[in-house]
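Throughout, a chain's letter reflects where its sequence line sits, starting with A, and its residues are numbered from 1.
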Amino acid sequence: MEKFTAVILDFETTGLSPGYGDRAIEIGAVLIRNNQVVDRFQSLMNPGKRISGFIEDYTGITNEMLSKAPSAAHVMEQFASFIAGHNLVAHNASFDRRFLDAELSRIGRTRTREFACSMLAARRIYPDAPSHRLETLVSHLGLQTDGLFHRALADAEMTAQLWTAMIGEIKGTYRLKEVSFDLLQSLAGVAKRAVPAYLERVAVGQ
DNA sequence: TGCCAGGCCCTCTTTAGGGCCTT
């Protein structure tokens with residue numbers, strides 16, 4: 001069962017680099033099991049410093065909202081429990097992985113499960129998409145959206161839809177009986193032009 | 001306030017450079 005279960009998550013942050021002092025300001029996540037969303041997590045978190053006007057405009061999250069939010073430490077303790085035992089997915093996962101690991105480190109905890117990247121998978125499954133930004137893929141594939149972007153739970157929900165759409169796409173194209181987290185994760189290590197042959201070999205093996 | 005990164009991937013490549021993607 002676990003190989004068909006994953007937490008799809010998204011951070012809003014003060015900037016691009018935790019190594020230069022940037023912090024998480026919101027976490028949103030959905031737990032999917034067999035392509036169904038079965039649980040959700042969302043919280044703003046107070047980063048202990050003011051955010052720039054650019055981030056306020058980009059996310060719609062204001063300094064006033066964050067001043068009333070629980071501390072990052074408190075939220076991350078709860079989130080660590082939410083993700084415990086589950087594989088993880090994010091769009092451009094190298095970004096969210098750095099922030100997750102940095103925020104967990106601040107509370108003396110460590111990530112124990114693997115990350116998969118929906119962007120790297122999408123580049124291989126939808127090579128002809130106009131771009132592989134989350135917003136563009138959602139539009140290109142006609143995925144359901146409430147029009148809200150750059151908020152953590154909304155982006156996590158759309159990434160989950162993208163993830164399940166990709167599972168459906170390769171199931172249908174290659175007649176795979178099942179598509180696990182490990183299979184989608186493994187695509188990132190396969191050269192783009194080798195992906196069709198790779199998936200055909202997987203299908204034969206099933 | 002504005003700045004800061006880093007991994008992937010393509011090509012006019014591999015003794016490199018630059019666009020994409022995340023906030």
### Query
Is the phosphate of dT23(B), meaning OP1 or OP2, less than 4.0 Å from a side-chain N or O of Arg23(A)?
no
Can you see whether Asn46(A) engages Ser71(A) through a side-chain donor-acceptor pair at a distance of less than 3.5 angstrom?
no
Next item on the list: Start with the C-alpha distance between Arg113(A) and Ile83(A), add both sets of side-chain angles, then the distance that settles side chain to side chain contact (heavy atoms under 4.5 Å, CB included), and finish with yes or no.
Entry: CA-CA 9 Å; Arg113(A) 302 300 288 263; Ile83(A) 65 175; over 6 Å; no
Check your understanding: Using atom C1' of each nucleotide, how far apart are dC10(B) and dT14(B) to the nearest Å?
Key -> 13 Å
Per atom distances to the His91(A) side chain, the nearest of dC21(B), dT23(B), dC9(B) is dC21(B)
Sticking with atom P, work out how far dT13(B) lies from dG7(B), rounded to a whole angstrom.
24 Å
| Relative to the ring of Phe79(A), is the ring of Phe11(A) parallel (under 30°), tilted (30 to 60°) or perpendicular (over 60°)? | perpendicular
To the nearest angstrom, the CD-C1' distance between Glu103(A) and dT23(B) comes to 13 Å
- Message: When the C1' atoms of dT23(B) and dA5(B) are compared, how many Å lie between them, rounded to an integer?
- Response: 11 Å
Exercise. Hey, is the side chain of Lys192(A) poking within less than 4.0 Å of OP1 or OP2 on dC8(B), counting only N and O atoms?
Worked result: no
Of the listed dC4(B), dG7(B), dT23(B), the closest approach to the Tyr20(A) side chain comes from dC4(B)
| Phosphate contact (dC21(B) OP1 or OP2) by His132(A) side-chain N/O below 4.0 Å | yes
Check your understanding: Roughly how far apart, to the nearest Å, are dT22(B) and dC4(B) at atom C1'?
Key -> 15 Å
Out of dC9(B), dG7(B), dT23(B), minimum distance to the side chain of Ser94(A) belongs to dG7(B)
Is any side-chain nitrogen or oxygen of Ser131(A) closer than 4.0 Å to OP1 or OP2 of dC21(B)? yes
Exercise for the section: Using a cut-off of strictly less than 4.0 Å, decide whether Arg133(A) has a side-chain nitrogen or oxygen near OP1 or OP2 of dT22(B). Expected result: yes
Other residues, nucleotides, ligands: >12 heavy atoms within 6.0 Å of Arg111(A) CZ: yes
